[in-house]
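Since we're looking at a predicted model, the values are computed, not measured.
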Amino acid sequence: MRLTQLLMIGAAAALLASCAGQGVVRAIPVAPNTQHMYAQGDDALVMPVLLPERPMLVATSGPAIRAASYLLLDARTGQHLAGRNFETARGVASTQKLVTALVVLDAGNLDKMVRVQASDVAVEPTRLGIKPGEVYSRRELLYAFLIKSANDVANVLARDNAGSISAFAAKMNAKARALGCANSHFKNPHGLTVGGQYSTARDMARVAMAAYRNGVIRDVVRRKHFGFRFASGRYISLTNTNELLGVMPECNGMKTGYTVASGRCLISSAASGSREVILVQLGTKTKYIWEDARIMMSWGLLRLRGSGGMTADVWTGN
């Protein structure tokens, strides 16, 4: 056993030496499901990480982008293509609405009618404008919720599903754990800042992989516009908050997020032929998050065309 450990340490040292100065994000296995040493440039940090049973190596860094944390992966296999600080816990703003959507869809019965209550609409800042007493189907609420990122609709869906916001948050956390998210804790269905609510780019990538495989979510998030009719009869056309739609032809959806505390957050997906990528960006402090996403996902699609993949699976499937 000691000889094996010495050989592993020697191999890790050799890998660091061979990759030094080459702009590579390295994942050096110590032992499965214990620790990884993450290194970029001359800096290294040892932290606890849940690993697959077989150790795997090396995720090549992609183009420079401004997100404090990000992870780009192959949407088909879950293999990492590029990343930075993707195990760092932080607020993820409205991108956590993907977790909300998954919990709602687990309950099914999307044609069930739901009555809005006064407590549902007492929320800021992004609201659809539904009113207490109005009745809508779960389906139309879900579509408006993901496209407009409406916080009042988030409350309606959560209360309808679990009876209260706190009970729904418990369901969100159970769903996250079922997806393998080990470093996340959610307290509300919309992502507004509250103490003790956080996730990581890697955990949100797990959520995004599950959302990407859900036919209803895929149909919603690919839409640039969605027509919504209020109970009063008034009709409006909602515009998707995802500004990549219609600008980057390969982009096929996902979810935006922003709060002052969390910064700009974006989960985006793109496909070209049989190649598909998902990108999670958290903590961007500039308006260039859209351009960063376009550049990084375009790079990932090109890389998949010429490579068989990089490093460890982020998603175990279920």
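Closest of all the heavy-atom pairs between S119 and N155 is O-ND2, 4.4 Å. The two residues T284 and A67 come nearest to each other via the heavy atoms OG1-CA, 3.3 Å. A210 and L102 get closest at one heavy-atom pair: CB-CD1, 4.0 Å. Residue E140 comes nearest to F228 through the heavy atom pair O-CE1, 3.9 Å, listed as atom of the first residue, atom of the second, then distance. Nearest approach of D160 to K112, heavy atoms of both residues: OD1-NZ, 3.2 Å. G91 approaches C265 most closely through the heavy-atom pair O-SG, 4.1 Å.
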Derivation and outcome, side chain to side chain contact (heavy atoms under 4.5 Å, CB included), residues V156 and L141: CA-CA 8 Å; V156 175; L141 288 174; 3.8 Å; yes
Side chain to side chain contact (heavy atoms under 4.5 Å, CB included) evaluation trace for T193 with V260: CA-CA 9 Å; T193 302; V260 173; over 6 Å; no
Check against side chain to side chain contact (heavy atoms under 4.5 Å, CB included), L244 and L266: CA-CA 10 Å; L244 285 177; L266 177 64; 4.2 Å; yes
Steps toward side chain to side chain contact (heavy atoms under 4.5 Å, CB included) verdict (V221, N242): CA-CA 8 Å; V221 299; N242 185 353; over 6 Å; no
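Considering OG of S94 and NZ of K255, their distance stands at 5.0 Å, rounded to 0.5 Å. Going from atom OG1 of T100 over to atom CE of M172 covers 3.5 Å, rounded to the nearest 0.5 Å. Once rounded to the nearest 0.5 Å, the distance linking CE of M254 with CG of L245 reads 11.5 Å. Once rounded to the nearest 0.5 Å, the distance linking CG of D120 with NZ of K131 reads 14.0 Å. Rounded to the nearest 0.5 angstrom, N188 CG and Q197 CD are separated by 4.0 Å. If you take OG on S268 and CD on Q281, they are separated by 5.5 Å, rounding to the nearest 0.5 Å.
Remark: the N151 side chain and the T126 side chain contain no N/O donor-acceptor pair separated by less than 3.5 Å. Using a 3.5 Å distance cut-off with no hydrogens or angles, the side chains of N183 and Y198 do not pair a donor with an acceptor. In the model, S69 has a side-chain atom that pairs as donor or acceptor with a side-chain atom of R90 under 3.5 Å.
Side-chain contact between M209 and L73 is present, with heavy atoms from C-beta onward closer than 4.5 Å. A 4.5 Å side-chain heavy-atom check between F145 and H190 finds every atom pair outside the cut-off. Contact annotation: the side chain of M297 approaches that of M248 to within less than 4.5 Å [non-hydrogen atoms, C-beta and beyond]. With contacts defined as side-chain heavy-atom distances shorter than 4.5 Å, the pair V99/L179 does not qualify. Contact annotation: the side chain of Y143 approaches that of D219 to within less than 4.5 Å [non-hydrogen atoms, C-beta and beyond]. For the pair L304/L81, a side-chain contact is recorded, criterion being any heavy-atom separation below 4.5 Å from C-beta on. The shortest distance between side-chain heavy atoms of R115 and M113 does not fall below 4.5 Å. Annotation: side chain of P132 is not in contact with side chain of Q117 (no heavy-atom distance under 4.5 Å).
Checking side-chain atoms of R76 against main-chain N and O of S274 turns up a donor-acceptor pair under 3.5 Å. No donor-acceptor distance shorter than 3.5 angstrom exists from the side chain of D203 to the backbone of T200, with no hydrogens or angles considered. Of the possible donor and acceptor atoms, none in the side chain of Y70 sits under 3.5 Å from a partner among the backbone N and O of A201. A donor-acceptor pair is defined here as one N or O able to donate and one able to accept, closer than 3.5 Å; such a pair exists between the side chain of R218 and the backbone of Y212. Side chain of R229 to main chain of G233: a donor-acceptor pair is present (N/O by atom type, distance under 3.5 Å, no hydrogens or angles). No side-chain donor-acceptor contact under 3.5 Å links R294 to the backbone of C251. A distance-only check finds no donor-acceptor pair linking the side chain of E291 to the backbone of Y288 [under 3.5 Å]. A side-chain donor-acceptor contact under 3.5 Å links N173 to the backbone of A169. Using a distance-only test at 3.5 Å, with no hydrogens or angles considered, a donor-acceptor pair links the side chain of R84 to the main chain of I65. Side chain of D292 to backbone of R66: a donor-acceptor contact under 3.5 angstrom is found.
Under the 6.0 Å distance and 45° angle rule, R264 counts as a cation-pi partner of Y258. A cation-pi arrangement is absent between R223 and F226, since the terminal nitrogen or guanidinium carbon is not both under 6.0 Å from the aromatic centre and inside a 45° cone about the axis.
Residue-environment remark: CZ (F230) exceeds the threshold of 12 foreign heavy atoms within 6.0 Å.
With sequence neighbours excluded, the residues satisfying side chain to side chain contact (heavy atoms under 4.5 Å, CB included) with A162 are A167, F168, K171. Applying the side chain to side chain contact (heavy atoms under 4.5 Å, CB included) test to A150 and every residue at least two apart in sequence or in another chain returns L128, K148, D152, V153.
Cluster annotation: V247 is not connected to L238 through the hydrophobic network of ILVMFWY side chains, with a link wherever side-chain heavy atoms come within less than 4.5 Å. The hydrophobic cluster containing V220 also contains L105, counting ILVMFWY residues as joined when their side-chain heavy atoms lie under 4.5 angstrom apart, directly or transitively. In the hydrophobic clustering of ILVMFWY residues, with side-chain heavy atoms under 4.5 Å counting as a link, W299 and L279 come out together. Placement of L157 and V123 in two distinct hydrophobic clusters is found when ILVMFWY residues are connected by side-chain heavy-atom separations under 4.5 Å, directly or transitively. Note on V92: it does not cluster hydrophobically with I165, by side-chain heavy-atom contacts below 4.5 Å among ILVMFWY residues.
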